[in-house]
A.B. asks: 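Have a look at the structure that comes next, please.
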Number of protein chains: 2
Amino acid sequence: MTAYSDLSTHFGRASALGNAVGILQWDSDVMMPKGAAGTRAESMALLRVMHHGMITDARIGDWLADADADHDLGPWERANLREIRRLWTVETALPSDLVEASSKAISACEMKWRQARAEADFAGLLPYLAEVLSIQREIGAAKGERLGLSAYDALLNDYEPGGRSAKIDLLFDDLADFLPGFTHEVLAVQGKRPQVADPQGPFAIEKQRALGLRMMAALGYDFERGRLDVSTHPFCGGADNDVRITTRYDEGDFAKALMGVLHETGHALYEQGRPQGFLNQPVGTARGMSLHESQSLLVEMQACRSQEFIAFAAPLMRETFGGSGPAWETDALWRRYTRVEPGFIRVDADEVTYPAHVILRYRLEKALIADAMPLSELPAAWNAGMKDLLGVTVPDDKLGCLQDVHWPSGGWGYFPTYTLGAMTAAQIFEAACTAAPDILPAIGRGDFSGLLSWLRSNIHSQGSLLETDDLLTQATGRPLDAGAFKAHLRKRYGGEG
Amino acid sequence: MTAYSDLSTHFGRASALGNAVGILQWDSDVMMPKGAAGTRAESMALLRVMHHGMITDARIGDWLADADADHDLGPWERANLREIRRLWTVETALPSDLVEASSKAISACEMKWRQARAEADFAGLLPYLAEVLSIQREIGAAKGERLGLSAYDALLNDYEPGGRSAKIDLLFDDLADFLPGFTHEVLAVQGKRPQVADPQGPFAIEKQRALGLRMMAALGYDFERGRLDVSTHPFCGGADNDVRITTRYDEGDFAKALMGVLHETGHALYEQGRPQGFLNQPVGTARGMSLHESQSLLVEMQACRSQEFIAFAAPLMRETFGGSGPAWETDALWRRYTRVEPGFIRVDADEVTYPAHVILRYRLEKALIADAMPLSELPAAWNAGMKDLLGVTVPDDKLGCLQDVHWPSGGWGYFPTYTLGAMTAAQIFEAACTAAPDILPAIGRGDFSGLLSWLRSNIHSQGSLLETDDLLTQATGRPLDAGAFKAHLRKRYGGEG
């Protein structure tokens with residue numbers, strides 16, 4: 001055996017273990033009876049410890065050194081070594097007592113957060129969140145020391161390999177300059193239009209599910225390697241060759257479940273399109289969270305809130321639910337799915353105001369990790385930011401800084417990937433439609449094959465062969481900038497929309 | 001840490017891994033899209049190898065020796081050591097190349113069997129089955145040498161710890177003497193009765209499911225620690241505190257799904273009633289397959305084909321399906337669920353003729369493992385046995401010796417537990433009804449609490465504290481004999497039935 005094949009076998013086993021965890025996590029969220037929570041937590045903790053043990057195996061360093069000297073390796077194998085080294089470097093950076101302390105602090109904080117959010121009680125959460133933050137700083141420092149990065153960039157790197165806050169600052173500052181004024185403009189345009197009523201339910205869940213399945217099939221989702229189910233929060237999960245998505249149904253509004261399905265289908269198409277020959281290797285995984293989010297938003301926002309898509313989907317919606325009248329007109333439905341309205345809650349935000357929610361969180365978490373702001377000042381800073389970026393006055397912390405689970409659950413450095421994903425989606429979709437001009441007209445006929453084929457070749461099948469910037473440059477001609485996203489928003493929502 | 005607590009921690013971890021495998025197996029049978037089969041097989045093989053590694057860990061021998069000398073242990077801890085030693089002794093008896101050879105031979109044989117059964121082609125299966133048999137003999141010999149048992153008893157021991165063929169011979173010979181004549185008698189009695197038509201479908205699956213759930217609830221199944229789903233073959237599986245059952249629905253006959261639910265609920269009540277304090281330890285597991293099957297048959301056959309149960313269930317059946325007329329009369333339904341009819345297929349057999357199917361398989365597999373009969377003579381021996389025990393002439397091997405997956409899949413030594421379970425069920429139910437005479441009348445009112453309470457105290461909560469004979473003696477006053485089972489059959493099916 002060569003050192004490379006030792007590594008490949010070893011990481012294939014780690015992947016088999018990761019796949020088991022993926023299915024168990026899916027089951028926890030979708031199927032598990034609640035009395036099994038404790039038993040399940042023990043199984044998953046054990047498998048995660050075993051997985052961590054595998055990717056920090058003492059032999060990996062030697063294997064990597066030997067494999068680096070192997071001149072018979074092709075570009076995929078070389079890239080696989082790079083990704084293995086990346087994983088191993090980060091995973092071996094943390095002392096195990098820090099991992100354990102983090103896990104305990106997160107469990108306690110998440111539990112407290114559920115209560116604190118319900119009671120809008122930031123003061124109650126503060127000591128728990130301070131503990132999580134303090135440990136996140138330590139984790140960032142430990143990883144950063146190994147990687148030569150600041151603590152925040154080291155945390156960001158876990159979600160967005162190669163991502164740097166200096167670059168995100170530029171991109172987000174650009175957007176933050178643009179968005180408040182643009183949002184005013186959009187609201188003015190929309191305000192002048194006649195109001196249209198929403199379609200009235202109830203919309204039977206079975207019919208909503210049938211519509212979702214039909215859209216998934218149209219998009220090219222492979223049902224032999226996945227499923228659609230229900231969970232409290234929609235997600236895409238599962239395992240290699242078993243890419244499962246979920247949605248949730250509201251009998252009063254079928255758009256929620258449908259848009260959830262479209263979004264998660266975008267994630268799933270990426271997962272289903274990863275390179276089969278390297279599916280169980282680090283180089284075969286998705287390139288990072290920004291790219292992943294770009295694929296969901298490309299489907300949900302770029303493709304499926306277009307006038308073309310609604311022209312295709314509106315008759316199916318009318319047929320599915322027996323809808324008729326002004327609210328069911330194609331144009332009315334399109335206006336509904338592109339309605340802009342500043343609000344307090346990130347997950348309910350539209351495409352135009354969403355980035356403001358993210359930019360605020362990004363700036364705050366960066367300051368908190370750098371210890372440039374006391375955690376006790378978070379609510380005041382949050383509310384000032386919301387006023388500044390969105391023009392809204394947050395009434396309490398439940399609708400403010402307590403709304404998201406990310407910080408209590410240790411997901412520091414994750415938030416920026418949402419908006420990087422939105423910008424990436426716009427840039428990729430623009431490139432795809434330029435390269436294959438029939439993509440949008442075909443979507444109007446319910447034919448997504450041109451889009452999927454372009455994405456398969458240029459994004460999905462590339463796995464982690466290239467770094468993010470290089471992949472985006474190869475696919476779109478340049479690294480990420482805000483241009484395509486701003487142009488998209490202007491076109492869809494500006495005066496001419 | 002004492003040696004006992006080391007062992008307890010270690011086997012708790014093995015249990016957490018086993019629970020993960022249990023959920024993944026459930027998912028494979030109930031949820032998994034077919035394109036994931038290869039990926040899943042890799043994950044499960046890895047986890048099983050890890051599990052095997054844990055229960056054959058080199059430290060266990062020393063821990064056991066030290067723990068044996070620990071005088072502070074109570075009876076449950078002592079019994080736990082006995083069960084740990086039992087597991088460890090058996091699992092360390094096999095060289096790993098034999099485990100691997102067995103796994104490969106079984107995979108090949110199972111695949112061939114699906115085709116051979118469809119084509120009634122025993123000759124085609126013969127070389128594959130011969131390989132499995134030969135390896136089973138080796139496994140039996142290796143385990144037998146360690147345990148001081150014959151090869152067959154060593155195989156049996158995996159399913160029925162402490163079980164011995166010398167004892168089974170006596171029990172089964174007793175039944176084999178009784179059953180052919182008794183079956184004739186039953187057929188004569190039933191033949192004199194007027195024929196009653198079966199309820200006519202279609203029976204909507206949703207209604208069948210609702211009826212099943214209602215019965216599970218009545219029986220005392222805990223839905224916070226389990227689920228009801230659909231699979232090709234009904235089973236009870238899952239994990240500790242997560243005991244999931246399945247059934248399958250036939251729109252033309254609601255009894256199939258219902259009886260499947262009742263049977264699997266019996267298994268599930270046992271699993272849900274195991275001792276919480278030792279749930280993740282060997283001593284907390286079910287006592288063996290005969291006891292397990294006794295719990296399913298006690299519910300399905302003893303309790304739920306009684307006239308009392310049908311008196312309770314018949315109105316619910318009529319209400320659920322809107323049934324009326326002669327086929328839906330309580331007495332007609334009872335006669336239908338206790339109809340006796342000799343046939344070729346074990347899984348379709350009634351309570352009276354089922355043991356003949358098992359006794360035949362038991363005698364044949366014992367002879368084959370002992371090399372007392374050439375495998376090529378299996379079809380002829382099978383058909384002769386069916387003629388002798390059941391009076392039927394097998395038309396081909398599809399309806400004969402190719403019908404069951406057990407032998408191709410390496411399950412040699414399993415078959416006798418079905419009929420041991422039926423006999424055990426009769427003996428336990430008799431003891432329960434003697435101790436608590438209201439059990440059957442209460443079932444007639446849909447109240448199973450008396451039965452469940454007795455089973456919880458006397459069987460379920462005992463886990464593997466005692467050996468099978470001792471548990472049965474404690475619960476019923478004597479080790480297993482055929483008396484209660486024969487008395488039950490005479491009472492339900494004999495002239496006075």
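In what follows, every chain begins at residue 1, and chains take the letters A, B, ... in the order their sequences are listed.
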A.B. asks: Report the C-alpha separation of B:R40 and A:I23 in whole Å, then their side-chain angles, then the decisive distance to 0.1 Å, and conclude whether the side-chain contact (heavy atoms from CB on, under 4.5 Å) test is met.
C.D. replies: CA-CA 9 Å; B:R40 178 65 53 86; A:I23 295 299; 3.4 Å; yes
A.B. asks: Indicate the atoms forming the closest heavy-atom contact of B:S43 with A:A20, along with that distance.
C.D. replies: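 Minimum heavy-atom separation between B:S43 and A:A20: OG-N, 3.9 Å.
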A.B. asks: What distance do A:M50 atom CE and B:L17 atom CG have between them, rounded to the nearest 0.5 Å?
C.D. replies: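 Output value for this atom pair is 5.0 Å.
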A.B. asks: Could you check which of B:A239, B:S15, B:G226 has the highest count of heavy-atom pairs closer than 4.5 Å to chain A?
C.D. replies: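 Maximum pair count with chain A is reached by B:G226.
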A.B. asks: Around atom CZ of A:R456, are there more than 12 heavy atoms from other residues, nucleotides or ligands closer than 6.0 Å?
C.D. replies: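 Correct, the count exceeds 12.
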A.B. asks: Mind checking the CZ-CE spacing from A:R227 to B:M32? Nearest 0.5 Å is all I need.
C.D. replies: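 Reported to 0.5 Å precision, the distance equals 11.0 Å.
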A.B. asks: Supply the atom-to-atom distance A:E42 CD to B:N241 CG, rounded to the nearest 0.5 angstrom.
C.D. replies: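 Reported to 0.5 Å precision, the distance equals 9.5 Å.
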A.B. asks: Given A:P33, which of B:R244, B:E224, B:R225 fulfils the side-chain contact (heavy atoms from CB on, under 4.5 Å) condition?
C.D. replies: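 So, applying the side-chain contact (heavy atoms from CB on, under 4.5 Å) to A:P33 and each of B:R244, B:E224, B:R225, only B:R244 qualifies.
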A.B. asks: I'd like to know whether B:L47 forms a side-chain contact (heavy atoms from CB on, under 4.5 Å) with A:L47, so could you lay out the CA-CA distance, the side-chain angles of the two residues, the decisive distance to 0.1 Å, and finally the verdict.
C.D. replies: CA-CA 9 Å; B:L47 295 191; A:L47 295 190; 4.0 Å; yes
A.B. asks: Among the options B:D27, B:N19, B:L24, pick out the one with the most heavy-atom pairs lying under 4.5 Å from chain A.
C.D. replies: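 Heavy-atom pair counts peak at B:D27.
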A.B. asks: Need one label for B:D240: side chain, backbone, both or neither, based on atoms under 4.5 Å from any heavy atom in chain A.
C.D. replies: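 Both parts, backbone and side chain.
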